[in-house]
Amino acid sequence: MTRDELAELFQREWQPSFFVVGRYDNREREQPLSIMKFSREDSPLSTEQELFDLRFSRINAIQALGYRAYGQRFDFSHTIPAILAVYSATAAEQLDSSRVPVKVAGRIQTIRRMGKAGFAHLQQSGERLQVYVKKDLVSEREWALWELLDLGDIIGVEGYLFRTRTGELSIHVETLTFLSKNLLGMPEKYHGLEDVEIRYRQRYLDLIANPDVHRAFATRAKVIASFRRQLEARGFIEVETPMMQPLYGGAAARPFVTHHNTLDIDLYLRIAPELYLKRLVCGGMERVFEINRNFRNEGISTRHNPEFTMLEFYQAYADYRDLMDLTAELLKNVALDATGSATVPYGDLTLDFSSIRRFTMREAVCEFWKGPDKPSMDNVRDPEWLSRHAGKLTPGECLVDIFERHCEEALVQPTIIHQYPVEVSPLAKQNPDEPGMTDRFEVYAAGMEIGNAFTELNDPDEQRRRFEMQLAMKERGDEEAHQMDEDYLRALCYGMPPAGGEGLGIDRITMLLTNSKSIRDVILFPLLRPEGPIGIAGWLRESSAKHLGK
RNA sequence: GGGCCGGUAGCUCAGAUGGUAGAGCACGACACUUUUAAUGUUGUGGUCGUGGGUUCGAGUCCCACCCGGCUCACCA
């Protein structure tokens, strides 16, 4: 587009349009709006576009009444949730005698017109309050506006609280104003929006139609706030470390790759913040945490989204046992802060976060073994027994494999599993009494892994050996094996205080606390394939040309 | 990536064996000054996910593809 074309476009599209303020012409309303439906000679509109066009045409009618179809600021006195919180138990007589004046804004969720009066439900933050509009009590102009309103429009009302004959708390409207026009059909009022694809793609519609969704994301915010508050209270400071990393590490996963143009280098979206956070521990940030996204280029499922939120924290001079105690405390308080109770329903289950069981991985295998021939502790220590029951190369990998197949799904109540084999724990410190095992634990609930923690390996030479072991595994074809990170080794060479570190999956914990069976129900915009052309710009262009002459 | 299930009006859903595509909500018109899934009368609304094929005839049967869900694999 040339500069002249751009100038012309600006002239055409953004000339201020004539705007009627405070005048109301009765003749305007004698023209039924529907006659405009097929005024264009060319092909008839689709039903949805017809509805869109009808609603668009009301912009003119709204403006003719002296309102803005897309209004400006509105000085409300209360939010709808605030009114409900304070007055939902107040008796009708008390409301009548005290005459509580309120001014609120909200989206029209239902509308019931009855001749010269009517009711509507306004929604704000997932909560609804009824308003009652009576012709006698509002101006002629406001009544005309009331008659023009569509479901989904956003309006402001001013009036006083009362209870209807059936006892519902409502606003008796004295003044009415228009704030924003809805142009599209709203989801069905009774069933709400059920189509999961639309729910995830158009989360705004899901939020409008399904109040539970708003609640779930409010709970998610409480989960994060609770962790943050608890950690800060213990002297942890919050940091942000790189999401774009030249070397990825801190977990076993395949990364996303991106490119920086000016530097002409490939970068990886981080799979974990771990190695950066531990550099900070080396630097003297002795209690540090980060709540942010990790990216893993792997499958998508009800428990996995390619980007997910993790809390990671590190505490110098602590070990994994300190973290077990801390984890139990953190989770109990998060459940309390987010739901008001340490026991929460999850599907058919009730999860109790007030106490967390602990097993070593070997104990768990003995305890939860599926089928006959329950192994003994001697069995699960025996490399031969292990390799008979799993097809992995090393005893440690076999143990983990057996654990995952036999135990994971049995870990319904919040449970800590500790003592992980060194082969699968390249960054964890070995157990002093048994070098094949590390002082590491994972937290499980509802059969899902929700956390991972260990005493951090701070011996640079041992870390060097671990990296080299990982490189050997990579040679062998393990795509998720760790890379060598020499800057991290260098940091360890300056001496890192002994420390415990932990990662907790925020999305999964939120699933448990919101009774969500899919991670997509606790991520506002989960990754989906792109949906293809939408066509709404064309509708706007056509209706705009027809009704606004531009 | 594999297996299973699904895609019909703007939304929620019916459509045995192949024979003119339905309901409720929403939307338009009329009535109605405390309703609440408001109500009554009435009307409009569809390329049945897309593309091929079989057939006199396909929403329905066959093939391919697209999108989604569940599940397995992988992972947290």
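Just so it is clear: chains get the letters A, B, ... in the order the sequence lines come, proteins before strands, and each one is counted from 1.
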- Query: Is A:Phe119 stacked on the base of B:A38, with ring centres under 5.5 Å apart and planes under 30° apart?
  - Reply: no
- Query: When you measure from the centre of the six-membered ring of A:Trp146, is the NZ or CZ of A:Arg113 under 6.0 Å away and within 45° of the axis?
  - Reply: yes
- Message: For a quick check of understanding: with a heavy-atom distance under 4.0 Å over all strands, which category does A:Asn297 fall into, base, sugar-phosphate or nothing?
- Response: nothing
- Task: Please report the C-alpha distance between A:Arg58 and A:Asp153 in whole Å, then the side-chain angles of each, then the deciding distance to 0.1 Å, and finally whether the salt bridge (charged side-chain N to carboxylate O under 4.0 Å, His left out) criterion is met.
- Result: CA-CA 11 Å; A:Arg58 291 193 177 125; A:Asp153 288 349; over 6 Å; no
- Item | Donor-acceptor pair under 3.5 Å, A:Arg112 side chain vs B:U35 base | yes
- Note on the structure: Note: contacts of residues 129-137 of chain A with RNA chain B (heavy atom, under 4.0 Å) are A:Gln130, A:Tyr132, A:Lys134, A:Asp136
- Between A:Arg203 and A:Phe525, is NZ or CZ placed under 6.0 angstrom from the six-membered ring centre and within 45° of the ring axis? no
- Message: Does the plane of the ring in A:Phe256 sit parallel, tilted or perpendicular to the ring in A:Phe295? Use 30° and 60° as the thresholds.
- Response: perpendicular
- Message: Under 4.0 Å, counting only non-hydrogen atoms across every strand here, what does A:Glu449 touch: a base, just sugar-phosphate, or nothing?
- Response: sugar-phosphate
- Closest to the A:Glu188 side chain, choosing from B:G28, B:U34, B:C11: B:C11
- How far apart are the closest heavy atoms of A:Ala251 and A:Ala272, and which atoms are they? CB-CB, 4.1 Å
Give me, pair by pair, the N or O atoms of the protein and of nucleotides 40-42 of chain B that are less than 3.5 Å apart, along with how far apart they are.
none

- Message: Regarding A:Arg113, tell me which of base, sugar-phosphate or nothing describes its non-hydrogen contacts under 4.0 Å with the strands shown.
- Response: base
- Sugar-phosphate, base or nothing in reach of A:Ala252, heavy atoms under 4.0 Å: sugar-phosphate
- Query: Taking the side chain of A:Leu151 as its heavy atoms from C-beta onward, which of B:A26, B:U12, B:G28 lies nearest to it?
  - Reply: B:A26
- Task: Return yes when atom NZ of A:Lys474 has more than 12 non-hydrogen atoms of other residues, nucleotides or ligands closer than 6.0 Å, and no otherwise.
- Result: yes
- Query: What parts of residues 508-525 of chain A reach RNA chain B, counting only heavy atoms under 4.0 Å away?
  - Reply: A:Arg508, A:Ser518, A:Arg520
- Heavy atoms from other residues, nucleotides or ligands near CZ of A:Arg476 exceed 12 (cutoff 6.0 Å): yes
- Nearest-angstrom distance, C1' atom, B:C56 to B:G51: 23 Å
- Message: Less than 3.5 Å apart, any donor N or O on the side chain of A:Arg112 or A:Thr110 sitting next to an acceptor on the other?
- Response: yes
- Message: Can you pull out the residues from residues 190-216 of chain A that lie within a 4.0 Å heavy-atom distance of RNA chain B?
- Response: A:Tyr190, A:His191, A:Gly192, A:Leu193, A:Glu194, A:Asp195, A:Val196, A:Glu197, A:Ile198, A:Tyr200, A:Arg201
- Query: Looking only at atom P, what distance separates B:U17 and B:C11, rounded to whole Å?
  - Reply: 26 Å
- Task: Name the orientation class of the two ring planes belonging to A:Phe368 and A:Phe359 (parallel below 30°, tilted from 30 to 60°, perpendicular beyond 60°).
- Result: perpendicular
- Task: Runs of at least three consecutive Watson-Crick or G-U pairs, both distances under 3.5 Å, are what I'm after; which ones involve RNA chain B?
- Result: B:1-7 with B:66-72, B:10-13 with B:22-25, B:27-31 with B:39-43, B:49-53 with B:61-65
- How are the rings of A:His482 and A:Phe467 set relative to one another: parallel (under 30°), tilted (30 to 60°) or perpendicular (over 60°)? tilted
- Item | B:G59 to B:C48 separation - P atoms, rounded to the nearest Å | 7 Å
- Message: Taking side chain to side chain donor-acceptor pair (under 3.5 Å) as the criterion, tell me which of A:Arg440, A:Glu274, A:Glu502, A:Glu312 meets it with A:Asn452.
- Response: A:Arg440
- Item | Distance-only donor-acceptor check, side chains A:Gln130 and A:Ser170, under 3.5 Å | yes
- Message: So A:Arg55, base contact, sugar-phosphate only, or nothing? Heavy-atom distance under 4.0 Å.
- Response: sugar-phosphate
- Query: Considering only side-chain heavy atoms of A:Glu298, which listed nucleotide, B:A76, B:U33, B:A26, is closest?
  - Reply: B:A76
- When you get a sec, tell me which of B:G68, B:A26, B:C32 is the closest nucleotide to the side chain of A:Lys189? B:A26
- Item | Assigned glycosidic conformation for B:A23 [threshold 90° from 0] | anti
- Item | CE/A:Met114: more than 12 non-hydrogen atoms of other groups inside 6.0 Å | yes
- Note on the structure: Those residues at least two apart in sequence (or on a different chain) that pass side chain to side chain contact (heavy atoms under 4.5 Å, CB included) with A:Glu409 are A:Lys370
- Which whole number of Å gives the distance between the P atom of B:G53 and that of B:U12? 33 Å
